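Quantities reported herein were computed from a predicted structural model and do not represent experimental measurements. What's counted below: heavy atoms across the whole structure, side chains too, no hydrogens, waters or symmetry copies.
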Amino acid sequence: MKSPEKVSARGPATGDEGDPLKMRKLHYLLLALSAPAYVTLAQDDPALDQAVTGPRIDKTTFHYNMQRTGWNDQETVLTPETVAHHRFELLWESPELDRHEGREARLQASPLYLDSVTMGEGPYNGKRFSVAYLASANGFAYAVSTAPVDGVAPGTILWRAQLATNPCGIPAEMISVLSTPVIDVAQNRIYISACDTVGKWQVHALDIRTGKGIPNWPVSVDARNVNRPGIIKNGSSFPAELKHWQRGALNLSPDRSRVYLSFGKDGQSGWLVSVDTRQARVASAFSTTQVTDEMQGGMWASGGPAIDAQGRIYITTGASALVMREKGAAGVYSESPNSWGQSILQLRDDPKTGFKLIGTYTPFNYCHAVSKDIDLGSSGPIVVDLPGGASATPNLLALGGAKQGNFYLLNRDKMPGSLVKRQPCSYDSASDLSLLDPEPQPHFNKRGPINLFGAYSEDSGMLNTAKSRSTAAYFSDGEGNHYVFASGSSKKGHDLTTPTPPGLARVRLVTRPGEAAYPRIDQLEMTQTLANPGSPVVTSNRGKDAILWVMDPNAPRMALLYGSRAPRPTLYAFDAKTLRLLWKSGRDDLFTSGKYNEPAIVNGLVLVGTDRLQAFGIRPADAPTYRRSGDAGLAPVAEPPQMSPGEAIFQQRCMGCHTGGEAPSRGQLAAFPRERILTALTSGLMKPMATGMTDEQIEQVTQYIKSAP
């Protein structure tokens, strides 16, 4: 078997591109011929016909469904054997997506997919395509063909729509679309949240067939619309100034009458907003703080809200480093009623009365975690439904990772917290109100939440020392075993900023009839080092052939993902049963992407959003090697010029903020006296950014700042 890191290829046109069923059958036949050592299907094998006529799935939302399970259980093409085979590789890619004012496209939002869409106008009017939907950080939306149809090659852009002509953000980084959109297939709509410095945050509704806006949309989510009488159910007022980001993936209510979006940024209260999809208006809003000036609890996890089959909504909230620097311990607001920072909230959204808080959970150590900006809200919750009779707690909620690297499991039918205020501050891990493993945990020497990504710390977990910013994924093998997979980055070194394994964890949900379920670490992946991975997803054929997929941008939190030095990501595939590495993308395969996104694995294709759409799959045996235009092979990654130690530190810790906007640029900082820069890093405002740096490193970054032209 060849190394997973390899040259890639794509398949040729066949003449049957207009017939998806024929194309799929041909794909299976070519697969069987090309990989005899791993694929046993033959033309007359009944399993082949069953696979060909099996269900074709869509991916209409982040993590596959409104519950955010992250599990596609109907993948019959990609198995551990076929993915480990040397013919699994890059098949094709779209053109580079549109730049805005010279700035490259980046996909913070994850790709979505519909298996069959009939285009509504233009050169493709009336033709049926399998389509991926993309939304770029600089404010464009796209529909991209993913299979050949009537001479139209995969990767062809079928339509594009510009949502923001003046994207928000700082000059070095466009921040218009950060969240993954959501598709309502019944209404032929895709909902996308985009930021424009003129219109601020708006929810757009586009026709999936044309890219045209639906009448009466977009809906502005601003102070004018949110602060109308009767809209806000907790909180005093939605801020008039544009100071929050909408990063959490959008979600739809079970009846599709509401689209939900979450807001959060350091130094701001979190907001969950409901938009009425039938009347195109803001319907309800819920803030993490009753008094908006308390400014904590940002809802900024990329997973956004999860929704169970009963229509109950779940969202995590975080901390605020800015508030803590200004107010100290008082900034936790532990005695304030209806102040819900560092918590998991359960809400209902009544069509007439709007949001109502119906359940809460807050970890035992929330006060200290808030004081150190160790957000619970960096990860999103997932809904887990166990089979009836498996446990006394079949309806669960799981959260894996977050900045501290802990795992939490809750009975969502009986959320343990108060509806008035959080419990008193505590340092006793055994007092935690989640479903705990009955065994002592080594990092506490007694019962408490399990820790997935070390080294465990009560003081280090902000910025580049954070352990996880992803949403976990659920999988059941059909034999009574239930697992949750989490991705993150364990840290080592004197400053706990150096990534080290494990970066993937499998947690078993221990169940016994009549007893409450609880989590236990089942296995850790110890061979691969992940820097800041996106959310893992699981594919399987029901309970068989399960694969765990995750993409890592290969960049810490504060690194800038623009320019010639921007790192390229790596996509990984692991056997979900053993956590054995099956395959990973080659060094030259993927272009620079955004942070926190996930691939879409559908019907034998792995779709990855970078600065374009890139597709991986099984290459037919007689297909030519895929070549990018003008290249003899895949474009090599140019080695960037060697950086000085001070420049390398500035790139990783400082560049994300000091490239324009509110924070001074490096050139502006260079005008400051050397002593002022040193003081800021050692005892002033920038001390948290310099946590763990040696005196020599502080001197090096100071010299680099002062050397700016």
Open item on the list: Show, in sequence, the C-alpha distance, side-chain angles and deciding distance for D308 and Y314, and conclude whether the side chain to side chain donor-acceptor pair (under 3.5 Å) test is met.
Closed with: CA-CA 8 Å; D308 65 17; Y314 304 87; 2.8 Å; yes
- [ ] Kindly indicate, with the supporting measurements, whether the criterion side chain to side chain donor-acceptor pair (under 3.5 Å) is fulfilled by T539 and W549.
- [x] CA-CA 8 Å; T539 60; W549 306 82; 3.0 Å; yes
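Between D73 and K544 there is no salt bridge, since no side-chain N of the basic residue sits under 4.0 Å from a carboxylate O of the acidic one. A salt bridge between K446 and D428 is present, with a side-chain N of the basic residue lying under 4.0 Å from a carboxylate O of the acidic one. Under the 4.0 Å criterion applied to side-chain N and carboxylate O atoms, D385 and R412 are assigned as salt-bridge partners.
A cation-pi arrangement is present between K59 and Y64 under the rule of less than 6.0 angstrom and at most 45 degrees off the ring axis.
With hydrogens and angles disregarded, no donor-acceptor distance shorter than 3.5 Å links the side chain of D432 to the backbone of L436. A donor-acceptor contact shorter than 3.5 Å links the side chain of Q246 to the backbone of S262. Under the 3.5 Å distance criterion, the side-chain polar atoms of S490 are matched with a main-chain donor or acceptor of P502. With hydrogens and angles disregarded, a donor-acceptor distance shorter than 3.5 Å links the side chain of K491 to the backbone of A466. For the pair T393 (side chain) and A517 (backbone), a donor-acceptor distance under 3.5 Å is present. In this structure, the side chain of Q108 engages the main chain of K595 through a donor-acceptor pair within 3.5 Å. Remark: the backbone N or O of R422 is not paired with any side-chain donor or acceptor of T362 at under 3.5 angstrom. Judged by distance alone, the side chain of R447 and the main-chain N or O of D437 form a donor-acceptor pair under 3.5 Å. For R68 (side chain) and P305 (main-chain N/O), a donor-acceptor pair under 3.5 Å exists by modelled atom type. A donor-acceptor pair under 3.5 Å is absent between the side-chain atoms of H482 and the main chain of L386, judged by distance alone.
Note on ring orientation: taking the six-membered ring where Trp is involved, the planes of H443 and Y456 are tilted (angle from 30° to 60°). Aromatic ring orientation, Y361 versus Y408: tilted (interplanar angle from 30° to 60°). A parallel orientation is assigned to the rings of F574 and Y572, their planes being inclined by less than 30° (bins at 30° and 60°). Note: F475 and Y483 have parallel aromatic rings, judged against thresholds of 30 and 60 degrees for the angle between ring planes.
A donor and an acceptor atom, one from each side chain of S487 and S470, are located under 3.5 Å apart. Side-chain atoms of W71 and S540 form a donor-acceptor pair, as typed in the model, at a separation below 3.5 Å. Checking Q296 against S320 by side-chain atom types alone, no donor-acceptor pair falls below 3.5 Å. Between the side chains of T289 and S269, at least one donor-acceptor pair of N or O atoms lies under 3.5 Å. Using modelled atom types and a 3.5 Å distance limit, the side chains of T61 and N65 yield no donor-acceptor pair. With hydrogens and angles left out, the side-chain atoms of T570 and N554 include a donor and acceptor closer than 3.5 Å. For the residue pair D545/N541, the side-chain donor-acceptor check at 3.5 Å is not satisfied. Using modelled atom types, one finds no donor on one side chain facing an acceptor on the other under 3.5 Å when comparing Q74 with T76.
No side-chain heavy atom of D589 sits less than 4.5 Å from a side-chain heavy atom of Q614. Contact of the L571 side chain with the D552 side chain is not registered, since no non-hydrogen atoms from C-beta on lie closer than 4.5 Å. Contact annotation: the side chain of K403 approaches that of R469 to within less than 4.5 Å [non-hydrogen atoms, C-beta and beyond]. Between I601 and L78, the closest side-chain pair of non-hydrogen atoms falls below 4.5 Å. Put simply, the side chain of L409 does not reach to within 4.5 Å of the side chain of L397, judged on heavy atoms.
For F286 and Y260, the ring centers are positioned 6.0 Å apart or more.
Pairing each heavy atom of I547 with each of P80, the nearest pair is CD1-N, 3.7 Å. Annotation for A309 and Q67: closest pair N-NE2, 4.5 Å, computed over non-hydrogen atoms.
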